[in-house]
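Heads up: numbering here begins at 1 and tracks the sequence.
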Amino acid sequence: LQDRSTDPVATAAAEFLENQAMREGSTAALALSVLALASVGRSTNALAEQLAGHTTQAIAFGNVPAMGMAAYALESV
C-alpha cells in the first residue's frame with residue numbers, strides 16, 4: 001500500500017502497526033514491521049533499535065532467516 005499511503009485503510013493499518021510492532025518480540029516480525037513502516041514513510045527509529053538488540057538472540061538461536069531479514073531491514077532504513 002506504499003503507493004496509497006493517504007488512503008484511510010492504509011493509514012489505519014500503518015497506525016495499528018506502529019502501535020503493535022513494539023509488542024512483538026520476534027526478530028522476523030520486527031524486521032517486517034521496520035520494512036512495512038519505512039515503505040509508507042513512517043518513523044522506524046525505535047523499532048530499528050529494538051531490532052538491532054534482537055539480532056544477538058537470532059544469532060544465539062541460529063535463526064539464519066531472521067538474521068537475514070534483520071540485516072536487510074537495518075540496512076534499508
Side-chain angles (χ1 to χ4, degrees):
L1 296 175
Q2 67 193 35
D3 59 337
R4 296 182 184 168
S5 61
T6 59
D7 183 279
V9 173
T11 302
E15 288 172 4
F16 176 83
L17 187 54
E18 282 178 323
N19 293 328
Q20 298 298 314
M22 294 293 274
R23 296 180 186 194
E24 177 55 55
S26 76
T27 303
L30 287 170
L32 289 173
S33 295
V34 167
L35 292 170
L37 289 171
S39 75
V40 293
R42 301 291 181 116
S43 175
T44 59
N45 294 337
L47 273 178
E49 281 185 36
Q50 188 171 352
L51 176 58
H54 274 264
T55 57
T56 55
Q57 281 182 330
I59 292 168
F61 293 142
N63 192 345
V64 177
M67 289 186 295
M69 293 170 71
Y72 181 76
L74 291 171
E75 286 288 320
S76 297
V77 294

Looking at every non-hydrogen atom in both residues, tell me the closest pair between [X] and [Y] and how far apart they are.
X: S33; Y: L47; answer: CB-CD1, 4.0 Å
X: A38; Y: T44; answer: N-CG2, 3.7 Å
X: A70; Y: T27; answer: CB-CG2, 3.8 Å

Notebook entry, point to check: Given the rule that I, L, V, M, F, W and Y join up when any side-chain heavy atoms are under 4.5 Å apart, are M69 and V34 in one cluster?
Noted result: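 No, M69 and V34 fall in different hydrophobic clusters.
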By side-chain contact (heavy atoms from CB on, under 4.5 Å) - contacts of [X] (at least two apart):
X: A48; answer: L74, V77
X: T11; answer: E15, R42
X: E49; answer: none
X: L35; answer: Y72, A73, S76

Check: Taking only residues at least two apart or on different chains, which pairs with a member in residues 54-65 satisfy side-chain hydrogen bond (donor to acceptor under 3.5 Å, both in side chains)?
Finding: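 Checked against side-chain hydrogen bond (donor to acceptor under 3.5 Å, both in side chains) - neighbours excluded - the pairs reaching residues 54-65 are H54-Q57.
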Any salt bridge (charged side-chain N to carboxylate O under 4.0 Å, His left out) involving [range]? Give me the pairs, sequence neighbours left out, ordered by first then second residue.
range: residues 67-77; answer: none
range: residues 23-38; answer: none
range: residues 51-60; answer: none

Check: Linking Ile, Leu, Val, Met, Phe, Trp and Tyr through side-chain heavy atoms less than 4.5 Å apart, which residues share a cluster with F16?
Finding: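 Its cluster partners, ordered by chain and number, are none at all.
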Item checked: V64: hydrophobic cluster co-members (side-chain, 4.5 Å) -> I59, M67
